[in-house]
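Working notes for the structure below.
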Amino acid sequence: MNDFLKLEEGQTHLGAFLSEIAAPNLLRIYKTCGLDYVIIDCEHGYFSHAQVAALAAVANGIGLMAMVRVPCVSREHIQKVFDLGADAILVPMTSTPEQIREAVAYSKYFPAGKRGASTMRPHSEYNPGRLMDYMLKANERTMIFAQIETDEGVRNAEQIAAVEGVSGLMIGPNDLSIDYGTPGASDTPEMEKAYRTVIAAAKAYGKPSGIITGNMKLIKHCESLGMQLFSCNSEVGLLAKQIKTMVSDFNIEV
């Protein structure tokens, strides 16, 4: 099993999004500041394949786990980001086990899936060795996370977690709150039930669960419930926050 997933009780991983600034050395800052992973957003972000490749190369080199949020479940998107060197994908709007099962199939080589083989690529360090040995090794390395953002996804959380090859479940609270008719509200009874349902579903299959939010109070609450994977804010959000703090400090009379 991938070392990233070897979480003991009480252990956590903290990461952040990269939403639109394609500066590979931002990942060095993430690593230096203590983050464990980055989510490169290719769902809402506008990164090119070349930019993702450059970001993944730096992440691979410094030991920062690189996850890419793909725009949809398709061979083109999923196979491409793994060929570029990503460690993991995040599948948005996962609502059914069939969706994530298809994502796993595009992510894993034979015998676990149907990913196409092109091994003289960054993902093999251009030195794959014997093909079957490499495919088995790659299948161990690649991770697939389901992003739960709908009520249907919450109701199917246990079936989604049960799919072979799924590495964990992560809640997207903004879209989930919209699906519940309460945009932006993270503390409603429906949302609280969703957190607990997803945590229990993942735990039933020995997999971690997590949440993507810039709300640290919500992160700490979900951690107390048993979540272990947290993505807090993005490079744009963190930059804006620090600029506002600077402006506020400047305007304070000493």
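- Once rounded to the nearest 0.5 Å, the distance linking CD1 of Ile100 with CD of Glu98 reads 11.5 Å.
- At a threshold of 4.0 Å, the pair Glu192-Arg196 counts as salt-bridged, since one of the basic side-chain nitrogens sits closer than that to a carboxylate oxygen.
- To the nearest 0.5 angstrom, Leu26 atom CG is 6.5 Å from Glu235 atom CD.
- Here side chain to side chain donor-acceptor pair (under 3.5 Å) pairs that include residues 161-181, with residues two or more places apart or in two chains, are Asp151-Tyr180.
- Pairing each heavy atom of Val91 with each of Ala103, the nearest pair is CG2-CB, 3.9 Å.
- Closest non-hydrogen pair, Met65 versus Ala88, comes out as SD-CB, 4.0 Å.
- With sequence neighbours excluded, the residues that form a side chain to side chain contact (heavy atoms under 4.5 Å, CB included) with Gln242 are Thr245.
- Clustering ILVMFWY residues whenever any of their side-chain heavy atoms sit less than 4.5 angstrom apart, transitively, puts Phe230 in the very cluster that holds Val68.
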Exercise for the section: Starting from the C-alpha separation in whole Å, work towards a yes-or-no answer on side-chain contact (heavy atoms from CB on, under 4.5 Å) for Ile40 and Met67. Expected result: CA-CA 6 Å; Ile40 302 165; Met67 186 186 303; over 6 Å; no
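- Of all the heavy atoms in Ser19 and Val236, the pair that sits closest is OG-CG2, 3.4 Å.
- Taking CG from Leu35 and OG from Ser231, the interatomic distance works out to 9.0 Å, rounded to the nearest 0.5 Å.
- Of all non-hydrogen atoms in Ala146 and Leu90, the two that sit nearest each other are C-CD1, 4.3 Å.
- Between Glu152 and Arg155, none of the side-chain N atoms (NZ, or NE/NH1/NH2) sits under 4.0 Å from a carboxylate O, so this pair counts as no salt bridge.
- Rounding to the nearest 0.5 Å places CG of Leu84 at 10.5 Å from CG of Leu55.
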Practice task
Give the intermediate values and the outcome of ring pair (Phe, Tyr, Trp, His ring centres under 6.0 Å) for residues His123 and Tyr134.
Solution key: CA-CA 10 Å; His123 62 87; Tyr134 173 71; 5.7 Å; yes
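- Side chain to side chain, Glu20 and His44 fail the donor-acceptor criterion of an N or O pair below 3.5 Å.
- Put simply, Phe82 and Phe110 are part of two different groups of oily side chains (I, L, V, M, F, W, Y) that touch within less than 4.5 Å, one to the next.
- Contact annotation: the side chain of Ser95 never approaches that of Asn156 to less than 4.5 Å [non-hydrogen atoms, C-beta and beyond].
- Two different hydrophobic clusters hold Ile212 and Ile144 under the rule that ILVMFWY side chains link at heavy-atom gaps under 4.5 Å.
- Expressed to the nearest 0.5 Å, how far CG of Asn251 lies from CE of Met246 amounts to 10.0 Å.
- When all heavy atoms of Ile211 and Cys222 are compared, the pair lying nearest together is CD1-SG, 3.9 Å.
- Met143 and Ile39 fall within a single hydrophobic cluster, where Ile, Leu, Val, Met, Phe, Trp and Tyr are joined by side-chain heavy atoms under 4.5 Å apart, directly or via other members.
- By the criterion of side-chain heavy atoms lying less than 4.5 angstrom apart, applied directly or through intervening Ile, Leu, Val, Met, Phe, Trp or Tyr residues, Leu238 is not grouped with Ile21; the two fall into different hydrophobic clusters.
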Exercise for the section: Kindly indicate, with the supporting measurements, whether the criterion side-chain contact (heavy atoms from CB on, under 4.5 Å) is fulfilled by Leu131 and Met135. Expected result: CA-CA 6 Å; Leu131 182 58; Met135 291 195 299; 4.1 Å; yes
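- Among residue pairs with one or both ends in residues 108-122, those qualifying as side chain to side chain donor-acceptor pair (under 3.5 Å) are Asp83-Arg115, Lys108-Thr142, Tyr109-Arg115, Ser118-Arg121; sequence neighbours excluded.
- Across all their heavy atoms, Met216 and Cys232 have their closest contact at CE-SG, 3.9 Å.
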Handout entry: Stepwise side-chain contact (heavy atoms from CB on, under 4.5 Å) test for Ser248 and Lys244
Key = CA-CA 6 Å; Ser248 177; Lys244 288 176 183 177; over 6 Å; no
Exercise for the section: Report the C-alpha separation of Ser209 and Gln228 in whole Å, then their side-chain angles, then the decisive distance to 0.1 Å, and conclude whether the side chain to side chain donor-acceptor pair (under 3.5 Å) test is met. Expected result: CA-CA 6 Å; Ser209 59; Gln228 295 177 285; over 6 Å; no
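- In this structure, CG on Leu64 lies 12.0 Å from CD1 on Ile29, to the nearest 0.5 angstrom.
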Exercise for the section: Apply side-chain contact (heavy atoms from CB on, under 4.5 Å) to the pair Ile171 and Tyr195, showing each step before the final yes or no. Expected result: CA-CA 8 Å; Ile171 289 178; Tyr195 306 146; 3.7 Å; yes
